[in-house]
Amino acid sequence: MTRKVEDFAPIDPKDVQIYLCGPTVYDRAHLGNARPVVVFDVLNRLLRHVYGADHVTYVRNFTDVDDKINATALARREAGASGTLEELIAARTEETIAWYHADMDALGAARPDHEPRATAYIGAMIKMIAGLIAAGHAYAKDGHVLFRVRSYSEYGRLSGRSVDDMIAGARVEVAPYKEDPMDFVLWKPSDGELPGWDSPWGRGRPGWHIECSAMSYELLGDSFDIHGGGIDLQFPHHENEVAQSCCAHPTGEFARYWVHNEMLQVEGKKMSKSLGNFFTVRDLLDQGVPGEVIRFVFLQTHYSKPMDWTAEKARQAEATLRKWRALVAGIEPAPSAAPSVIAALVDDVNTAGAIAALHALTDPAELKASAALLGLLEDGMGNWAKGDDVDPSALSALSARLAALRATAMETKDFAPVDAMKQALLAAGVEVRMSKAGVELLAGPGFDATKLEGL
RNA sequence: GGCGAGUUGGCGGAGUGGUGACGCAGCGGAUUGCAAAUCCGUGUACAGGAGUUCGAUUCUCCUACUCGCCUCCA
């Protein structure tokens with residue numbers, strides 16, 4: 001809350017509680033959506049390392065009340081899909097959640113302990129809103145309920161703004177039902193075409209901000225340790241959460257520490273559909289970029305700095321991971337991570353510093369144990385680096401032939417046949433190593449088995 | 001207009017008030033039939049200006065530039 005890096009001290013070391021704002025489940029997660037997930041995954045691993053695996057509670061919500069979901073469902077119905085609107089919405093959210101899980105799993109991000117859905121907490125939200133009205137922090141008007149921003153003197157503290165400055169910016173929505181232009185919606189009416197729930201203010205649906213306040217309260221209580229998300233959520237989303245929660249539960253502190261990650265760029269530019277550089281995690285995975293590589297690229301940049309996704313970084317990350325994977329293959333991890341790596345992570349989750357420390361390690365067992373804190377070099381994620389779609393006998397047969405050719409060439413001094421075969425192997429993405437000891441063939445990054453046919 | 005983040009060698013990036021990490025690429029050498037891989041060696045980088053200091057890339061201020069938020073957005 002101080003907008004500075006602070007030493008972390010949990011409320012209860014036996015139960016450290018962290019909450020990450022999860023996705024609105026209307027479509028595939030884009031690359032930027034994955035950044036806070038990876039950041040929190042490392043934070044989660046670190047906290048479990050420090051406080052014990054059973055002493056951390058990680059909550060990440062699914063926002064499944066949203067007009068974009070409604071719009072998708074409506075579009076599907078108009079396209080002839082059968083079922084009620086509610087069923088179509090449910091189908092869309094279920095589908096998106098399954099995608100999300102698959103994509104984040106591919107990045108090696110452990111699932112949170114709780115993944116609450118907004119639709120399951122409508123009652124809690126209504127209760128909270130009613131409490132805010134009773135306390136004078138909110139008011140109902142024309143089927144809407146609005147939070148009275150001027151009733152919370154601390155408003156703007158989290159994001160470093162003042163209400164008056166923001167009014168001066170004059171970009172806030174003016175609506176007849178608002179007492180003050182800064183007031184924001186807690187509840188809004190739904191017409192027959194939109195999902196809605198009965199409430200004391202009529203049939204409607206919650207505003208976006210209230211869900212995290214209600215769910216974190218139900219699952220973690222009125223005070224918890226760390227809350228996070230993208231920096232773009234800092235205002236207004238998180239500022240509003242703070243206001244709601246602190247006014248609804250005056251004895252609590254809501255979140256005591258905040259972790260906001262900076263935005264993601266692609267090749268130096270903001271990722272946007274209009275620039276044509278917009279892509280999802282699944283797009284990258286489908287292109288053959290391993291999840292572990294994506295993760296490594298993310299962790300090379302500190303979470304508080306803008307991160308630039310480039311093809312060159314992905315290439316370098318892949319090369320580094322291949323090297324390390326070869327180093328730790330078949331090695332049992334050391335009992336604990338290297339102190340240098342832990343020290344980096346403990347310093348404001350300095351993942352880039354941790355990777356730097358990883359480069360300095362010489363003991364493979366220690367490298368493996370240390371990388372695990374970052375979710376790297378883990379056994380379940382390494383299949384991409386093995387080239388396991390290669391038939392080893394095919395390569396060994398080829399290497400025997402190449403060795404024979406070479407032996408002949410040594411005699412005749414005519415190396416043309418050897419070079420021809422070598423070129424063909426290189427073209428197929430095979431790494432060719434010839435030394436006095438013999439010939440060794442390895443499937444390289446761009447290995448293509450079909451090109452081996454005819455050799 | 002308001003608020004904020006950033007600017008380190010060809011690229012990525014760590015870190016520090018005082019002997020200039022590390023990775024990739026490059027270059028030189030060893031090795032090799034040639035390569036690859038490997039090994040050895042190699043680079044007077046800290047946006048600009050002013051200030052504090054014995055000394056600043058590291059602290060303070062100013063300027064420039066880049067980026068983001070203020071509206072759905074991670």
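In what follows, chains carry the letters A, B, and so on, assigned in the order in which the sequence lines appear, proteins first and then strands, with residues in each chain numbered from 1. Every value quoted in this text rests on a predicted model; they were computed, and no experiment measured them.
Between A/Glu312 and A/Arg315, at least one side-chain N (NZ, or NE/NH1/NH2) sits under 4.0 Å from a carboxylate O, which counts as a salt bridge. Electrostatic pairing of A/Asp64 and A/Arg92 does not count as a salt bridge here, judged by no charged N lying under 4.0 Å from a carboxylate O. Using a cutoff of 4.0 Å between basic side-chain nitrogens and carboxylate oxygens, A/Asp41 and A/Arg60 are not scored as salt-bridged.
Remark: A/Phe62 pairs with A/Tyr100, A/His101 by the ring pair (Phe, Tyr, Trp, His ring centres under 6.0 Å) rule, at least two apart or across chains. For the salt bridge (charged side-chain N to carboxylate O under 4.0 Å, His left out) test, residues two or more places apart in sequence or in another chain that qualify with A/Glu292 are A/Arg325. A/Arg35 is linked by a salt bridge (charged side-chain N to carboxylate O under 4.0 Å, His left out) to nothing, counting only residues two or more places apart in sequence or in another chain. In this view, A/His359 and A/Trp324 satisfy the ring pair (Phe, Tyr, Trp, His ring centres under 6.0 Å) rule, not counting sequence neighbours. Here A/Asp308 pairs with nothing under the salt bridge (charged side-chain N to carboxylate O under 4.0 Å, His left out) rule; sequence neighbours left out. A/Arg406 is linked by a salt bridge (charged side-chain N to carboxylate O under 4.0 Å, His left out) to nothing, counting only residues two or more places apart in sequence or in another chain. For A/Phe184, the ring pair (Phe, Tyr, Trp, His ring centres under 6.0 Å) partners at least two apart in sequence or on another chain are A/Phe147, A/His209. Taking the ring pair (Phe, Tyr, Trp, His ring centres under 6.0 Å) definition, one finds that A/Trp99 meets it with nothing, sequence neighbours left out.
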Atom pairs and distances, side-chain donor-acceptor, residues 18-26 of chain A, under 3.5 Å, sequence neighbours left out:
residue	atom	partner	partner atom	Å
A/Tyr19	OH	A/Asn61	OD1	3.3

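Between the CD1 atom of A/Ile231 and the C1' atom of B/G4 there is a distance of 8 Å, rounded to whole Å. The distance from atom CD of A/Glu211 to atom P of B/C73 is 10 Å, rounded to the nearest whole Å. Note: CD (A/Glu262) to P (B/C73) measures 17 Å, nearest angstrom. In this structure, the CH2 atom of A/Trp258 is 17 Å from the C1' atom of B/G4, given to the nearest Å. As a whole-Å value, the separation of A/Arg35 CZ from B/G68 C1' is 12 Å. When the C1' atom of B/U71 is taken as reference, atom NZ of A/Lys178 falls 11 Å away, rounded to whole Å. Atom P of nucleotide B/U71 and atom CZ of A/Phe184 are separated by 13 Å, given to the nearest angstrom. As rounded to whole Å, 14 Å separates atom C1' of B/C22 from atom CG of A/Asn350.
For A/Gly230 and A/Ala319, each mapped to the nucleotide of RNA chain B holding its nearest heavy atom, the one lying further toward the 5' end belongs to A/Ala319. Nearest-nucleotide mapping onto RNA chain B: of A/His209 and A/Pro236, the residue sitting toward the 5' end is A/Pro236.
Side-chain nitrogen and oxygen atoms of A/Lys323 include at least one within less than 4.0 Å of the OP1 or OP2 phosphate oxygen of B/C24.
Taking atom P in both B/C59 and B/C73, the straight-line distance is 36 Å, to the nearest Å. Separation of the P atoms belonging to B/G4 and B/U8 is 22 Å when rounded to the nearest angstrom. B/U16 sits 9 Å from B/U57 when the C1' atoms are compared, rounded to a whole Å. Comparing the same atom, P, in B/U58 and in B/A47 gives a spacing of 8 Å after rounding to whole Å. Here the separation of B/G23 from B/A35, taken at their C1' atoms, is 24 Å to the nearest Å. With both ends at atom C1', the span from B/G49 to B/G9 equals 22 Å, rounded to whole Å. Distance noted for atom P between B/G48 and B/C11: 15 Å (whole Å). Between B/U38 and B/C24, the distance separating the two P atoms is 9 Å to the nearest Å.
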Exercise for the section: Let me have RNA chain B in dot-bracket notation, would you? Count Watson-Crick plus G-U wobble pairs, both distances under 3.5 Å, and use [ ] for pairs crossing earlier ones and | for inter-strand partners. Expected result: (((((((..(((.....[...))).(((((.......)))))....(((((..]....))))))))))))....
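Here A/His30 lies in heavy-atom contact (under 4.0 Å) with a base. Looking at heavy-atom distances under 4.0 Å, A/Gly32 makes contact with a base. A/Leu264 comes within contact range of at least one nucleobase, with a heavy-atom separation under 4.0 Å.
At a cut-off of 3.5 angstrom, the base of B/A21 holds no donor-acceptor pair with the side chain of A/His359.
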What's touching nucleotides 6-13 of chain B from the protein side, N or O pairs under 3.5 Å?
residue	atom	partner	partner atom	Å
B/G13	OP1	A/Lys313	NZ	3.4

Provide a list of protein-nucleic acid N or O atom pairs under 3.5 angstrom, restricted to nucleotides 29-35 of chain B.
residue	atom	partner	partner atom	Å
B/U32	OP1	A/Lys436	NZ	2.7
B/G33	N1	A/Asp419	OD1	3.1
B/G33	N2	A/Asp419	OD1	3.4
B/G33	N2	A/Asp419	OD2	2.8
B/C34	O2	A/Lys422	NZ	2.8
B/C34	N3	A/Lys422	NZ	3.0
B/A35	N6	A/Met434	N	3.0
B/A35	N6	A/Met434	O	2.2
B/A35	N1	A/Val432	O	3.3
B/A35	N1	A/Met434	N	3.1

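Looking at heavy atoms from C-beta onward, A/Pro116 lies in side-chain contact with A/Val59 at the 4.5 angstrom threshold.
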